[in-house]
Amino acid sequence: MEQYQTSETIELTGKVTAVTYHNDISLWTVFTVDADGQSIQAVGIMSKPNVGEIVVMQGEYVEHPTYGTQFYAETAERHLPERAEDILDYLMSGAIKGIGRATATAIIRKFGDNALKIFENDPLRLAEIKGISLAKARQLGEEFRKQFGMREAILACTDFGLSPAEAMRCWRLWGQSVVDRISKAPYDFCTPDLQIGFDRIDDICLKNGTDREDRSRVRAGIRHVLTHNLNNGHTCIPLDKLLPTSAGLLQVEQQLAANTLTEMVEEGQLSLTTLKEKPFVFLPDLYDAERYIAKELAFRADILLFQHNNTEELIRQIEEHNQITYDSEQKRAIDAAINRGVLVLTGGPGTGKTTTLRAVLMLLEAEGENVVLAAPTGRAAQRLADLTGCEAKTIHRLLKAQWNGQAQEFFHNEQNPLDATTVIVDEMSMVDVLLFDRLIRALKPNCRLILVGDTDQLPAVGAGNVLGDMIDSGRIPVVQLKKVFRQAMTSEIVTNAHRIVAGEFPKWSGRDGDCFFIRKGNYTAVTETVVDLCCRRLPDSYGKSVRHDIQVLCPGRKGEIGSISLNQKLQERANPFSYDTPNVSLHGQLFRVGDKVMQVRNNYDLSWIKEDGSIGYGIFNGEIGILKKIQAREQEFEVDFDGRVVTYTYQEVQDLELAYAITIHKSQGSEFDIVVLPIYRTQPKLAYRNLLYTAVTRAKTLLIIVGTEEAIGQMIDNVRKSKRYTALKTFLDEGISHGERISRMDEEIFG
């Protein structure tokens, strides 16, 4: 860590005399040891030590600018005390629940140096102590074995090659069984739940003598290839691609991979099905999700919830009330939304999706419907609420997502459905298969489902192409709004977005417009212009802030105009170094109080609190906040996400990134007052039309593109969309009907 000055690595052995601080999540620990009569403050990542224990540490002396000389323990082995006087300190520290000072003293008087052996081997003898019953003695023995088992498990994990923090995650996931897994199933450790990659575990196992053709290794390698491709949006992989890729990764014969895959399918570890005469392989949860979604959507597409004879009259009344005239496609959408079990409403900016949605809401409320609104991200949900005037939640919060320590769970599901007769989901292009599966499982059979999105935007970051597959199947009712209304035509952001979709070059504004282009012909000029716009010109001209109003969007993370590089330069200008501003370098990033940051991974355990004292849980991928406080001694951050204040441990900070500049992919579902977009010699794999379109449509009041016309034209001319292997369209094409529907339909609900 950059806040330390370091010296050489040494070994230090001492008795723990005090534990000043310990965080159960990050495992950051501050404690004092007595080493040959010298009191030394030590710090490091480890399970909580107890007073009286002996620790053997490998590390170095460091100089902390605030706390002075400390011993930074890179590794630490904990040993139970052996002498009676040390055991007494250990027992009085509270290491074993239920033992106080008087009881600890009595135990040492009775058993002396053998006290801990009694706890381990013959705990019922503790009943010889006055005040300890047989039941209490048994309980104390179990508590000791539990503590001893955790130490044994964590030590085994660190000997295996894992870090102390990783070892603690393994203990929390598996408990004492972690020791057996190391010897019997080491490839279990590359599960996504532990955030330990296959390559790392494979390297450890091969060094420990695992044969390359070991069946457990081949199984793990095949699962890894499928899991890795979820990040590329694929819910399945063609068999003829999966086998050679897996064999190449593992450096084994393809026939061995084929035989192993067959075994995995037979055992239910993988799913294999034929899609349009070609075999595809799935992880089972992805197969089940796409199959279930197809059945549910087909069922809902086949039902008519209402048959209003006076829909036209109701629409006319709303037109009169709102002093508006809907076009024929909007009226068709309103009618279908009211009467059908499911509807997809799609269209680009300015085509009247929001106006149509407001009319639908008015009609449903007039019918006494219980309508809930949702979107994939917090910013998208807030935007939906602002546009409709109704409360909107993220899908995760709507379903009350939580983490049970081993897997993600949702409070609302098939057994406990949402109390809603209509669910409206905006920004459907962002919704992946697994999340949509959880949503649709939480709907009652008679719940109307209205899905709103723009298929020209980027698909979901997660696996699947839900919106596109539904539309392409022709199986789901779809209304596409194409007419750009006159009011929207006054915005060049809107008109240029439609030009880009049509393959035409944008037109730039005059002084009073909302869409500008600044030509710069090299990386340095582009970078300097972007930074100057964000930190001087736009704040001076418009009174806007790079922390709250201006967002830089980058095609990618890497390179001179990638989000990583631009974040460093923007931080230097927007939040420069100051002796009065706390800062810390963690996980390869420098953070300062006042920085704009983004959560880059869903974390269901993080708790937040608002000014009114209300609390909640969960901070999700893509949420942007401001770093308010750094507490060095406690190793904690405090971040404000639009009024929700979250405390992060230093370990959890690995899920935060600077957010002065973010990728276009991360901006999905969000809208920003001002967008600054650097486009110059974009990597070929990122130079495509719907990436540019998505960036342009994120701007609310002002868009500035910095770069060259050639780079912009390259993106417009490239109409490719990332190929995704998915099965939802095929399953819908098969014509799955309500007759095949999983039986949870109760006709009384429709009565």
Side-chain angles (χ1 to χ4, degrees), residues 296-297 300 305-306 318 322 330 333-347 349 351-401 410-413 416-432 435-444 446-454 457 460 466-467 470 476-479 481 616 618 620 622-623 641-644 668-671 697 700:
E296 285 292 304
L297 289 176
R300 293 174 189 280
L305 292 180
F306 298 101
I318 292 177
N322 292 337
Q330 288 180 303
I334 295 168
D335 180 78
I338 297 297
N339 291 299
R340 303 306 297 259
V342 61
L343 172 72
V344 173
L345 176 62
T346 183
T351 57
K353 294 196 301 293
T354 302
T355 304
T356 304
L357 206 53
R358 288 197 190 105
V360 171
L361 284 168
M362 287 185 68
L363 279 174
L364 292 174
E365 288 170 357
E367 293 286 341
E369 295 280 329
N370 182 11
V371 183
V372 298
L373 279 68
T377 67
R379 284 179 173 261
Q382 184 59 56
R383 180 169 173 265
L384 179 60
D386 293 341
L387 291 172
T388 61
C390 300
E391 181 187 14
K393 298 179 180 179
T394 65
I395 298 173
H396 284 91
R397 291 199 173 98
L398 177 67
L399 301 180
K400 297 184 180 178
F410 293 94
F411 177 76
H412 290 295
N413 50 40
N416 183 30
L418 290 163
D419 182 21
T421 55
T422 299
V423 170
I424 298 174
V425 183
D426 196 15
E427 296 287 357
M428 262 302 297
S429 62
M430 295 180 61
V431 180
D432 62 52
L435 183 56
F436 191 60
D437 172 63
R438 297 302 183 267
L439 173 64
I440 209 165
R441 287 178 187 271
L443 304 183
K444 295 177 180 178
N446 65 335
C447 181
R448 181 186 291 100
L449 184 60
I450 302 171
L451 308 171
V452 185
D454 183 350
Q457 289 187 22
V466 177
L467 182 62
M470 285 191 294
I476 308 301
V478 176
V479 177
L481 303 179
F620 302 109
E623 296 202 51
F641 291 94
D642 296 323
R644 292 172 293 125
Q668 285 177 269
S670 298
E671 190 176 61
T697 54
K700 185 177 180 181

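Because the structure is a prediction, the values reported are computed rather than measured.
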Closer than 3.5 angstrom, by distance alone: can the side chain of [X] be matched with the main-chain N or O of [Y] as a donor-acceptor pair?
{"X": "K353", "Y": "G347", "result": "yes"}
{"X": "T346", "Y": "G453", "result": "yes"}
{"X": "R448", "Y": "A337", "result": "yes"}
{"X": "R358", "Y": "L387", "result": "yes"}

Handout entry: By side-chain hydrogen bond (donor to acceptor under 3.5 Å, both in side chains) - contacts of R379 (at least two apart)
Key =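 With neighbours one apart ignored, the set is empty.
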
Quick one: closest heavy-atom pair of [X] and [Y], and the distance?
{"X": "R644", "Y": "R397", "answer": "NH1-NH2, 2.7 Å"}
{"X": "L398", "Y": "L418", "answer": "O-CD2, 3.6 Å"}
{"X": "C447", "Y": "A420", "answer": "SG-O, 3.5 Å"}

Exercise for the section: Apply side-chain contact (heavy atoms from CB on, under 4.5 Å) to N416 and list each qualifying residue two or more places apart in sequence or on a separate chain. Expected result: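 Only F411, H412, N413 meet the side-chain contact (heavy atoms from CB on, under 4.5 Å) criterion with N416.
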
Handout entry: side-chain contact (heavy atoms from CB on, under 4.5 Å) involving S429 - partner list, sequence neighbours excluded
Key =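 side-chain contact (heavy atoms from CB on, under 4.5 Å) check on S429 returns E427, Q457, L467.
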
Problem - Pairs meeting criterion ring pair (Phe, Tyr, Trp, His ring centres under 6.0 Å) with involvement of residues 352-382, two or more places apart - result: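 Not a single pair qualifies under ring pair (Phe, Tyr, Trp, His ring centres under 6.0 Å).
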
Practice task
Please collect all ring pair (Phe, Tyr, Trp, His ring centres under 6.0 Å) contacts where either partner lies in residues 369-396, sequence neighbours excluded, each pair once.
Solution key: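 Passing the test, one end in residues 369-396: H396-Y604, H396-F620.
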
Practice task
Compare all side-chain heavy atoms of L364 with those of I338 and state whether any distance is below 4.5 angstrom.
Solution key: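 Counting from C-beta outward, L364 and I338 do come under 4.5 Å.
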
Handout entry: Non-hydrogen side-chain atoms of I450 and T422 separated by less than 4.5 Å
Key =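 Side-chain contact under 4.5 Å: yes.
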
Exercise for the section: Could you pull out all residues at least two apart from F641 that satisfy ring-ring contact (aromatic ring centres under 6.0 Å, His included)? Expected result: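 Partners of F641 under the ring-ring contact (aromatic ring centres under 6.0 Å, His included) test: none.
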
